[in-house]
Amino acid sequence: MTWPSATPVGTARLRLEPLRAGHAPEAFALFDDVRLHRWTGGAPDTLEQLDARYRRQSAGHSPDGRHGWLNWMLRRLTDGRLVGTVQATLSRPDPVPATRRDPGAGAAEAELAWVIGVAHQGEGYGREGALAMAAWLRAHGVDRLTAHIHPGHEASMGIARALDLRATDRSTDGEVLWTGRLTAPPARTARTPRTSRTPGPPG
C-alpha cells in the first residue's frame, strides 16, 4: 500500500516542515518538559529516543505498510523557532460489501495528534497548524479524521471543534474518541484566538 509523503505547508504565521531525523536536537529542547504529559502520562523522550523515533517516523509508513505516517514540525515565521508539531496516522478501513458501502467507504482515514511547547501555548499555533494539516489531508484524498483527547483537556478539544470533529461515546485509556468527515474544508479558517495554556498530547 502506498501513502502520500508530507510536503511543506505554509500558513500566516507558520511553516509546516516535513519531519526529518535532523529535527531531533532542536525538538528535544522544546519537548523535554514533563508538563506536556499532564494528560497522557509517561515522560519526555531522551535525545537518543527522540532521534530514534524521528528516524522511524521519517520513513513515512509503518514497517508493515498498513499505516502512513505524516509528521510536520511547526516553525514560527517571525523568528524561525520551532513551536510544536502536528501529525497524522493514515489507514484505510477494511472493505465492506457494496450494499453497505457509504459514499466515503474506502477513502483514507487519519488519526490526528498535535503538541505545542509549553512556552508557546495559548497563541493559537496548535489550531493554525492542525487546520493547515487538515486542508493538506483533504487535498490528498483523506476523508475522515479522528483524534483521542482527554476529557479534561480544553485546549485540545477546542482544536478538535475547529476541525469540525465531534466527541463520541467511545474512549480508550481514558481518552475520548472524536471523529469527523473531511467532505469540505473546516468551517473555521486558521484564525488565532487565545486558548487555555494546557499541554497538548505528545507527538
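What you are looking at is a predicted structure, and each value in this text was computed from that prediction instead of being measured. Computed from heavy atoms alone, side chains included, the values below leave out hydrogens, waters and symmetry copies.
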Fill in: Contacts of type salt bridge (Lys or Arg N to Asp or Glu O under 4.0 Å), residue Arg15, not counting sequence neighbours
Glu17

Response to the item:
Sequence neighbours excluded, the answer for ring pair (Phe, Tyr, Trp, His ring centres under 6.0 Å) partners of His61 is none

Practice prompt. Step by step, work out the side chain to side chain contact (heavy atoms under 4.5 Å, CB included) result for Leu112 and Val86.
Written response: CA-CA 8 Å; Leu112 309 183; Val86 293; over 6 Å; no

Fill in: Donor-acceptor contact below 3.5 Å, side chain Gln49 vs main chain Thr46
yes

Worksheet item: Should the heavy atoms of other residues, nucleotides or ligands under 6.0 Å from CG of Asp173 be counted, would the total exceed 12?
Response: no

Discussion item. Would you compute the distance between atom CE of Met133 and atom OG1 of Thr11 and round it to the nearest 0.5 angstrom?
Written reply: 12.5 Å

Discussion item. Do Leu74 and Leu16 make a side-chain contact, defined as non-hydrogen atoms from C-beta onward lying under 4.5 Å apart?
Written reply: yes

Item to complete: Answer with yes or no whether the hydrophobic clustering places Val176 together with Leu165; edges join I, L, V, M, F, W, Y residues whose side-chain heavy atoms lie under 4.5 Å apart.
Response: yes

Discussion item. Could you check whether any side-chain heavy atom of Leu131 comes within less than 4.5 Å of a side-chain heavy atom of Leu163, counting everything from C-beta outward?
Written reply: yes

Practice prompt. Calculate, to the nearest 0.5 Å, the distance between atoms CG and CD belonging to Leu50 and Glu48 respectively.
Written response: 10.0 Å

Item to complete: Kindly indicate whether the side chain of Leu19, heavy atoms from C-beta on, has any atom under 4.5 Å from the side chain of Leu70.
Response: no

Worksheet item: Between Thr89 and Glu111, do the side chains contain an N or O donor and an N or O acceptor separated by less than 3.5 Å?
Response: no

Worksheet, complete the sentence: Minimal heavy-atom distance between Ala130 and Ile159, with the atoms involved, is CB-CG2, 3.7 Å

Worksheet item: Taking the side chain as C-beta and beyond, is there a heavy-atom pair between Leu36 and Pro44 under 4.5 Å?
Response: no

Discussion item. Are Arg75 and His23 packed together at the side-chain level, in the sense that at least one heavy-atom pair is separated by less than 4.5 angstrom?
Written reply: yes

Practice prompt. Check the pair Asp45 / Phe31 against side chain to side chain contact (heavy atoms under 4.5 Å, CB included), numbers first and verdict last.
Written response: CA-CA 8 Å; Asp45 285 340; Phe31 298 136; over 6 Å; no

Fill in: Ser171: partners by side chain to side chain contact (heavy atoms under 4.5 Å, CB included), with sequence neighbours left out
none

Practice prompt. For Asp79, check salt bridge (Lys or Arg N to Asp or Glu O under 4.0 Å) against everything at least two apart and list the hits.
Written response: Arg76

Worksheet, complete the sentence: Sorted by chain and residue number, the ring pair (Phe, Tyr, Trp, His ring centres under 6.0 Å) partners of Trp136 (sequence neighbours excluded) come out as Trp72, His140

Worksheet item: Looking at side-chain heavy atoms only, is the closest gap between Asp164 and Leu182 below 4.5 Å?
Response: no

Item to complete: Kindly write out the residues that satisfy salt bridge (Lys or Arg N to Asp or Glu O under 4.0 Å) with Asp33, not counting sequence neighbours, or none if the list is empty.
Response: Arg35

Worksheet entry | Heavy-atom closest pair, residues Ser91 and His67 | CB-ND1, 3.6 Å

Worksheet entry | Minimum heavy-atom distance between Arg56 and Trp69, given as atom pair plus value | O-CZ3, 3.4 Å

Fill in: Test item: Met73 and Glu26 side chains (from C-beta on) under 4.5 Å apart, heavy atoms
no

Discussion item. Do the side chains of Glu128 and Arg13 get close enough for a salt bridge, i.e. N-O under 4.0 angstrom?
Written reply: yes

Worksheet item: side chain to side chain contact (heavy atoms under 4.5 Å, CB included) between Glu175 and Ile149: does it pass, once the steps are laid out?
Response: CA-CA 5 Å; Glu175 294 184 328; Ile149 301 173; 5.9 Å; no

Discussion item. When you compare the side chain of Pro18 with that of Ser5, does any pair of heavy atoms fall below 4.5 Å?
Written reply: no

Worksheet entry | Contact summary for Ala6 and Asn71, nearest pair of heavy atoms | CB-O, 4.3 Å

Worksheet item: Does the side chain to side chain contact (heavy atoms under 4.5 Å, CB included) test come out yes or no for Glu109 and Leu145, once each step is laid out?
Response: CA-CA 6 Å; Glu109 302 177 354; Leu145 302 179; over 6 Å; no

Worksheet item: Looking only at heavy atoms, which two atoms of Ser58 and Arg20 are closest? And how far apart?
Response: OG-CA, 3.4 Å

Discussion item. With side chain to side chain donor-acceptor pair (under 3.5 Å) as the criterion, how do Trp114 and Ser156 come out once you've worked through the C-alpha distance, each side chain's angles and the decisive distance to 0.1 Å?
Written reply: CA-CA 8 Å; Trp114 46 81; Ser156 276; 3.0 Å; yes

Fill in: Cationic tip of Arg170 above Trp178 ring, under 6.0 Å, 45° of axis
no

Worksheet item: How far apart are the closest heavy atoms of Leu47 and Pro25, and which atoms are they?
Response: CD1-CA, 3.8 Å

